[in-house]
Asks: 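Sharing a structure, written as structure tokens. Questions coming.
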Protein chains: 2
Amino acid sequence: MRTFVVAADAGQFQEAAADLSITQQAVSKRIAVLEKDLGVRLFTRTARGAALTIDGQAFLPHARELLRVAERAVASVRAGHRPLRVDVIASRGAASGLMRGFHRAHPEIELDVVWLFDIETAVAAIRSGAIDASFRAVAAPGRPLPGDIESVRAIDEPLQLLTGPAHALAGARSVTLAQLAGHRIWMPGIVPGTEWAAYYDDLVAEFGLTIEATGPNFGSDALLDTVADTPALATFMGAQTRLVWPAGHDLRRIPVTDPTPVYPHSLLWRRDNPHPALATLHAHLAATAAGHDDAGTWVPHWVGPR
Amino acid sequence: MRTFVVAADAGQFQEAAADLSITQQAVSKRIAVLEKDLGVRLFTRTARGAALTIDGQAFLPHARELLRVAERAVASVRAGHRPLRVDVIASRGAASGLMRGFHRAHPEIELDVVWLFDIETAVAAIRSGAIDASFRAVAAPGRPLPGDIESVRAIDEPLQLLTGPAHALAGARSVTLAQLAGHRIWMPGIVPGTEWAAYYDDLVAEFGLTIEATGPNFGSDALLDTVADTPALATFMGAQTRLVWPAGHDLRRIPVTDPTPVYPHSLLWRRDNPHPALATLHAHLAATAAGHDDAGTWVPHWVGPR
DNA sequence: GCTAGCCCACAACGTTCGGTTGTGGCTTGC
DNA sequence: GCAAGCCACAACCGAACGTTGTGGGCTAGC
């Protein structure tokens, strides 16, 4: 591909060969192989060089794009000045939406979003420099953050109840936490020992809920399918979580009140991380932070004040 | 790259090898080479398979994107169902802007824009099926379109005068064609025999202008640079042409009146071209066509009625 | 109209790359 | 403790891809 682009720019194979530090014959061969693979002629050979055919013209921007993408791919793992690497707890949740907004506001900042197991892994990765920041609920009690890690409350995501159409609460405009006692709430995939498990443990303990984490986690598609079809099951879902709605299903999102359980995403980063985009991310957070009203909401006691 | 993506999805090299119909050892080798080239570890090898490292997680979406781009590149020259291929006369002119609008309105339609020499080439390419449509001024007198080619007036692009700040007309809010007689208008790159040359020939003959096509065409950057710095030179430029403004220059776009010369872009296509997106393009043209007012405008006599 | 210059394609050849088979080490689970 | 599963290393072999050498075809200039 690179040979094709260089040859197209040069207008002749000879110059392209010089640019690539190979022989003209090698360029000729590479182009011939590419043409054979594609099944079309890309250049018309003349005595003065090689001009693009119409197919070649159509192909050229795609080839350039491929080189750009390849370069970005390499840059994403380059030591030193690589894209800002941020860990988010759920790929479709509020933190992920915030990063989308950040990307829209600063499209020039290269960004990679990864998705680590839990806050322990995230903190280790932040300390090692493998990632630059993380959106997480801060560590559970007895596990304070190391001194070189800073954190700030970033987004609070209210939880909603997600039910199928036949669920007893399907018609409710909102439900209280007290009303949920006795109903089965199914959240497969919760792994004990993680900070998100600790969040739901506290929620269960404080309001007497029944959360079942049993069964293997087959992904959100399977979860939604099951919830939609099972009248006795409901699940919790972040209000800002973008669902991929299963086709043909009728799912209900019901706000939870008195209080509203809120999942607290803090931004974590290492104090001496020199990545320039980190400051931009902080500025973006400050700029987009809505006025917070903690009245009527619940977070675990181990989450620090704002 | 494909091996990396397949292995990441499979979670182990063995299964990836089966998917790719190669041996596990080959997968191991390919990944090892990729890791060596990138200088980072992409997988952590365990007894149960291979899990992505953080670098691998960051790299994965880029790798997927690369495969997508590669597939689109191949599709762009695939015989049969390839993207709609449209020829536009200037890469930044009105027709090009229209295609951008079409792409925004129908992002699902794959599109390739090419850029042929003149209408003769374009008609030949349309007849051969190499391209699907072309935005062109219809053929000059004595050169009717072949019977299998249809055309419809699509966009009229008014010409404006482009001058530097020191030009005699730089301060004018508008100029008439009669006022331009005696001024030097420089349009390098006009090639005799093309339909666009015929347009300017007629314009010169009818209004007694002085258009100089001398000198090699070093591209629009050089043209703008020269016009900006030379008080005695001006040039014509389509009103809807998106310029890449040279840094530090002060260029003026001055409307031309009495009459306003208008470059007529017709859409040309082959009657029996079966490409489904062609109908969508027609519909888009009809939907976006503004009400036309031909009063006070000029086009060559050989351009048919609307 | 011939020739010199330029550019690309074809052929022959050697190295390198990338696949295979064979094997061993490590972890996990019964 | 052993069997099963998975990955890495080594040896080997063929294909791929580079090189050098050469020829054909178009163009420009005398």
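Sequence lines set the chain letters: A, B, ... in the order given, protein chains first and strands last, and positions in each chain run from 1. Predicted, not measured: the structure shown is a model, and the values here were computed from it. Both backbone and side-chain heavy atoms feed into the values below; hydrogens, waters and symmetry mates do not.
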Asks: Report the distance from atom CD of Q14(A) to atom C1' of dT20(D), rounded to the nearest whole Å.
Replies: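 Going from CD in Q14(A) over to C1' in dT20(D) covers 14 Å.
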Asks: Can you check the F13(A) CZ to dG25(D) C1' distance for me, whole Å?
Replies: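 Answer to the nearest Å: 15 Å.
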Asks: Does the side chain of S28(A) get closer than 4.0 angstrom to OP1 or OP2 of dA9(C) through an N or O atom?
Replies: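 S28(A) to dA9(C) OP1/OP2: side-chain N or O found under 4.0 Å.
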Asks: In whole Å, what is the span from the CD atom of Q12(A) to the C1' atom of dA9(C)?
Replies: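 In whole Å, dA9(C) C1' lies 15 Å from Q12(A) CD.
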Asks: Indicate, with a heavy-atom threshold strictly under 4.0 Å, whether A32(A) touches base, sugar-phosphate, or nothing.
Replies: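 Counting heavy atoms under 4.0 Å across all strands, no contact is made by A32(A).
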Asks: Any chance you could list the contact pattern along nucleotides 15-30 of chain C? Use B for base contacts, S for sugar-phosphate-only contacts and - for none, protein heavy atoms under 4.0 Å, 5' to 3'.
Replies: ----BBBBB---BSS-
Asks: Apply salt bridge (charged side-chain N to carboxylate O under 4.0 Å, His left out) to the pair D55(A) and R85(B), showing each step before the final yes or no.
Replies: CA-CA 9 Å; D55(A) 281 317; R85(B) 202 178 278 178; 2.8 Å; yes
Asks: Please confirm whether F43(A) and F13(A) have ring centers closer than 6.0 angstrom.
Replies: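 Yes, the ring centres sit under 6.0 Å apart.
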Asks: For the pair R64(A) and D9(A), find out whether any cationic side-chain nitrogen is under 4.0 Å from an anionic carboxylate oxygen.
Replies: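 Answer for the salt bridge query: yes.
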Asks: In this structure, how many angstroms lie between the P atom of dC10(C) and the CD atom of E35(A), rounded?
Replies: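 So the two atoms are 11 Å apart, to the nearest Å.
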Asks: Which one of R45(A), R30(A), K29(A) satisfies the salt bridge (charged side-chain N to carboxylate O under 4.0 Å, His left out) criterion with E35(A)?
Replies: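 Single salt bridge (charged side-chain N to carboxylate O under 4.0 Å, His left out) partner of E35(A) among R45(A), R30(A), K29(A): R45(A).
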Asks: Could you walk me through whether R68(B) and E71(B) pass the salt bridge (charged side-chain N to carboxylate O under 4.0 Å, His left out) check?
Replies: CA-CA 5 Å; R68(B) 269 193 297 272; E71(B) 191 164 335; over 6 Å; no
Asks: Only one of V27(A), L52(A), L67(A) clears side-chain contact (heavy atoms from CB on, under 4.5 Å) with F4(A); which?
Replies: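 Looking at V27(A), L52(A), L67(A), the match for F4(A) under the side-chain contact (heavy atoms from CB on, under 4.5 Å) is L52(A).
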Asks: Show me the donor-acceptor pairs, under 3.5 Å and distance only, between side chains in residues 75-83 of chain A and residues at least two apart or in other chains.
Replies:
residue, atom, partner, partner atom, Å
S76(A), OG, A73(A), O, 2.6
R78(A), NH2, H81(A), O, 3.3
R82(A), NH1, D132(A), OD2, 2.8
R82(A), NH2, G129(A), O, 2.8
R82(A), NH2, A130(A), O, 3.2

Asks: How sharply is the helix from dG1(C)-dC30(D) to dC30(C)-dG1(D) bent, taking the axes over five pairs at either end and rounding to 10 degrees?
Replies: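 End-to-end axis angle: 30°.
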Asks: I need the CZ-P distance between F43(B) and dC6(D), as an integer number of Å.
Replies: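 Spelled out: CZ on F43(B) to P on dC6(D) is 15 Å.
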Asks: Answer yes or no: is there a donor N or O on one side and an acceptor on the other, between the side chain of Q57(B) and the main chain of W115(A), under 3.5 Å?
Replies: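 The answer is yes, because a donor-acceptor pair under 3.5 Å joins these two groups.
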